[in-house]
Amino acid sequence: MTEHTDANQQWGGRFQAGPAAIMQEINASIGFDRALWRQDIRGSLAHAAMLARVGIISPQDETLIRQGLEAIAAEIESGAFPFDAALEDIHMNIEARLSARIGEPGKRLHTARSRNDQVATDFRLFVRDAIDGLDAQMADLMRALATRAAEHAAQPMPGFTHLQTAQPVTFGHHLLAYVEMLARDRGRLRDARARLNECPLGAAALAGTSFPIDRRMTAAELGFDRPMANSLDAVSDRDFALEFLSAAAITAMHLSRLAEEIILWCSAPFRFITLSDAFTTGSSIMPQKRNPDAAELVRAKTGRITGALVALLTVMKGLPLAYAKDMQEDKEPVFDAARALSLALAAMAGMVRDLRPDTTRMRAAAGESFAIATDLADWLVRELHLPFRVAHHVTGRLVAAAEAKGIDLAALPLTEMQAIEPRITAAVFSVLTVEASLASRISEGGTAPAHVAAAASRWIEALG
Ligand code: ARG
């Protein structure tokens, strides 16, 4: 058998010289795509098993390939693997190492395969693994929120619109709003996963292959539902990464809203919660400071995750079929977004478990700023049968009267109320408390403590 050696390590016969240094630098992806090594080895094991099954390679070769790949996995795991930028990417690094270890059988592995279907397969596997990991983390955060919500199902706090005190709600109700958001986020990731789960392997470079491969076998082996139907689409599609990033961006946006609220709640004018030393930092100059840095960073991580989505959309826009090297730029944004989201979810779950509400302060704030004015208007409608618009107007005048005296609605003497609306009776005072307001919000999805407690238990049970 003739030994083929070439001046150019990667491209062999056609090339007479190696690449310019800058060519290698712009071209090589091994610096980041080594993160795909597990998926690459998984894909190669499935491909080799299939090649042997259909008789394209011998069972002996398949055994050697399998053992070689397992040894390489151990090398990478232990840090002993000699990564080489001259070999461009993780696929060629592993394949070259396999040939170096086992010789000719290693050189048969790439039969009926191209790096185009290989990288598309590896990357899908990676995104699928990332989705599964993030899904578990999201469930954990939901569990943390639902547990705190159950604990504080009846704890009054001001509900805001326009960040102005609007009506009393319970702290538990507020926390459960985020549980609902995260449930939708998980649904989006689940949907993305279902559409992602088709196997590109066997599309080869772009047109399919002349070898009698069994694409159903490799698809099943790798846990995909089926092979992708069109070979051009199989190597050029990155929708799965974009869907992942859009779902991740929406999740990050949700986390940033909760992070922002934690930051506000920790601030001196609010003083609704405190975070312990475990989730705050000090200041190098102001000894009294306790800063919610983790929450600020969660709020900020949203930028890179949304940025990743925009980056990849921009890479893909206008790309002609099928594969183009542009698509190598798909990985870093996805790796970075997956890592950032994982970190943000973990930090958020930690903070939710750590935070201590100042229940007295929250209760007091819930009754400030005429937060129960709507309850008064509702009473006028219910008891005096005023049309709501009229009741709204009457209540507005009562609020103005109380405000002028610098007192709460409940402190306004009955006679002064009657000067504005003569039919008001002392019974009105029964609705003018935060607790009465909360207890009355019994419409489906409302903040009545009994509803909140039930919703929290439902979530805790559903999350297991
Ligand atoms: N490193 C490449 C990437 O990440 C692998 C595919 C290369 N394919 C090719 N035809 N040059 O996209």
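- Ion pairing of E151 with R356 is absent here, as no side-chain N (NZ or NE/NH1/NH2) approaches a carboxylate O to less than 4.0 Å.
- A 6.0 Å sphere centred on CD1 of I442 holds no more than 12 heavy atoms belonging to other residues, nucleotides or ligands.
- Counting heavy atoms from C-beta outward, I102 and I65 have side chains that approach closer than 4.5 Å.
- The two residues D117 and G202 have their closest heavy-atom pair at OD2-N, 2.9 Å.
- Here the side chain of R128 pairs a donor or acceptor atom with the backbone of G223 at under 3.5 angstrom.
- Here E104 does not pair with K107 in a salt bridge; the nearest charged N to carboxylate O distance is not below 4.0 Å.
- The environment of E260 atom CD is dense: over 12 non-hydrogen atoms of other residues, nucleotides or ligands sit within 6.0 angstrom.
- With hydrogens and angles ignored, the 3.5 Å screen pairs no side-chain donor or acceptor of R353 with any backbone N or O of L145.
- Note on R38 versus E77: salt bridge recorded, some NZ/NE/NH1/NH2 to OD/OE distance being below 4.0 Å.
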**Request:** Could you check E243 against R238 for salt bridge (charged side-chain N to carboxylate O under 4.0 Å, His left out), going step by step and ending with a plain yes or no?
**Result:** CA-CA 9 Å; E243 283 196 50; R238 292 296 181 271; over 6 Å; no
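- Counting heavy atoms from C-beta outward, E221 and R42 have side chains that stay 4.5 Å or more apart.
- The two residues A154 and L438 make their nearest non-hydrogen contact at O-CD1, 4.5 Å.
- Side-chain atoms of E261 and Y178, non-hydrogen and from C-beta on, do get closer than 4.5 Å to each other.
- Judged purely by atom type and a 3.5 angstrom limit, S443 has no side-chain atom pairing as donor or acceptor with the backbone of G446.
- No side-chain donor-acceptor contact under 3.5 Å links D33 to the backbone of L36.
- Of all non-hydrogen atoms in A366 and P168, the two that sit nearest each other are O-CG, 3.8 Å.
- In this structure, a donor-acceptor pair under 3.5 Å is absent between the side chains of T170 and Q155.
- For the pair D336 and R339, the salt-bridge criterion is not met [side-chain N within less than 4.0 Å of a carboxylate O].
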**Asked** Can you list the steps and then say if V298 with I262 is a side chain to side chain contact (heavy atoms under 4.5 Å, CB included)?
**Response** CA-CA 11 Å; V298 169; I262 289 176; over 6 Å; no
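- Residue-environment remark: NZ (K317) stays at or below the threshold of 12 foreign heavy atoms within 6.0 Å.
- A salt bridge between E62 and R108 is absent, with no side-chain N of the basic residue lying under 4.0 Å from a carboxylate O of the acidic one.
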**Request:** Could you walk me through whether F171 and F272 pass ring pair (Phe, Tyr, Trp, His ring centres under 6.0 Å), step by step?
**Result:** CA-CA 10 Å; F171 188 42; F272 284 1; 8.5 Å; no
**Request:** Evaluate the criterion side chain to side chain contact (heavy atoms under 4.5 Å, CB included) for residue pair V169 and M157; output intermediate values, then yes/no.
**Result:** CA-CA 6 Å; V169 296; M157 73 176 270; 3.6 Å; yes
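- Residues F244 and L189 are in side-chain contact: their nearest non-hydrogen atoms beyond the backbone lie under 4.5 Å apart.
- Judged purely by atom type and a 3.5 angstrom limit, T281 has no side-chain atom pairing as donor or acceptor with the backbone of D293.
- A distance of 12.0 Å separates CD1 in I305 from CD1 in I250, rounded to the nearest 0.5 Å.
- Checking D354 against S276 by side-chain atom types alone, a donor-acceptor pair falls below 3.5 Å.
- Taking 4.5 Å as the limit, every side-chain heavy atom of F224 sits out of range of all side-chain heavy atoms of T218.
- In this model, a donor atom of one side chain and an acceptor atom of the other lie less than 3.5 Å apart for H91 and D122.
- A donor-acceptor contact closer than 3.5 angstrom links the side chains of H110 and R113.
- Salt-bridge formation is detected for the pair D277/R290: a Lys NZ or Arg NE/NH1/NH2 atom is positioned less than 4.0 Å from an Asp or Glu carboxylate oxygen.
- The backbone N or O of A204 lies less than 3.5 Å from no partner atom in the side chain of R115, so there is not a single donor-acceptor pair.
- A donor-acceptor pair shorter than 3.5 Å cannot be found between the side chains of T280 and N291.
- Using modelled atom types, no side-chain atom of S369 and backbone atom of A371 make a donor-acceptor pair closer than 3.5 Å.
- Note on D191 versus R188: no salt bridge recorded, every NZ/NE/NH1/NH2 to OD/OE distance being 4.0 Å or above.
- Rounded to the nearest 0.5 angstrom, R361 CZ and I273 CD1 are separated by 13.0 Å.
- Side-chain contact check for V119 versus K331: some heavy-atom pair is nearer than 4.5 Å.
- With respect to R97 and E75, a salt bridge is recorded, a charged nitrogen being found less than 4.0 Å from a carboxylate O.
- Taking the charged nitrogens against the carboxylate oxygens, R195 and D239 have no contact shorter than 4.0 Å, which rules out a salt bridge.
- With respect to E198, the salt bridge (charged side-chain N to carboxylate O under 4.0 Å, His left out) criterion is satisfied by exactly one of R226, R124, R216, R193: R226.
- The two residues T165 and F160 come nearest to each other via the heavy atoms N-CD2, 3.7 Å.
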**Request:** Verify side chain to side chain contact (heavy atoms under 4.5 Å, CB included) between L141 and L255, making sure each step is shown before the conclusion.
**Result:** CA-CA 10 Å; L141 175 55; L255 295 183; 3.6 Å; yes
**Asked** Going through the distances and angles, do L258 and M351 end up as a side chain to side chain contact (heavy atoms under 4.5 Å, CB included)?
**Response** CA-CA 11 Å; L258 180 52; M351 285 187 282; over 6 Å; no
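- Side-chain contact between T121 and Q39 is absent, with no heavy-atom pair separated by less than 4.5 Å.
- Residues I30 and E88 form no side-chain contact, since every pair of their non-hydrogen atoms from C-beta on lies 4.5 Å or further apart.
- Judged purely by atom type and a 3.5 angstrom limit, H47 uses its side chain to pair as donor or acceptor with the backbone of T111.
- Within the model, atoms CG of L242 and CG of D237 stand 8.5 Å from one another, a figure rounded to the nearest 0.5 Å.
- For residues 314-346, the ring-ring contact (aromatic ring centres under 6.0 Å, His included) pairs, not counting sequence neighbours, are F126-F335.
- The local environment of CZ in R53 is sparse, with at most 12 non-hydrogen atoms from other residues, nucleotides or ligands closer than 6.0 Å.
- Q137 and S342 share a side-chain donor-acceptor pair at under 3.5 Å.
- Within 6.0 Å of atom CD in E25, 12 or fewer heavy atoms from other residues, nucleotides or ligands are found, so the atom counts as exposed in its surroundings.
- In this structure, I460 and A150 approach most closely via the heavy-atom pair CD1-CB, 3.9 Å.
- At most 12 non-hydrogen atoms from other residues, nucleotides or ligands lie less than 6.0 angstrom from CZ of R304.
- Going from atom CG of L297 over to atom OG of S256 covers 13.0 Å, rounded to the nearest 0.5 Å.
- Surrounding CD1 of I26 are at most 12 heavy atoms belonging to other residues, nucleotides or ligands under 6.0 Å away.
- Between the side chain of N93 and the backbone N or O of D84, at least one donor-acceptor pair lies under 3.5 Å.
- Across every non-hydrogen atom of A149 and G172, the tightest pair is CB-O, 3.5 Å.
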**Request:** Would you sort out whether W265 and H174 count as a ring pair (Phe, Tyr, Trp, His ring centres under 6.0 Å), showing the intermediate values?
**Result:** CA-CA 13 Å; W265 294 343; H174 195 113; 5.1 Å; yes
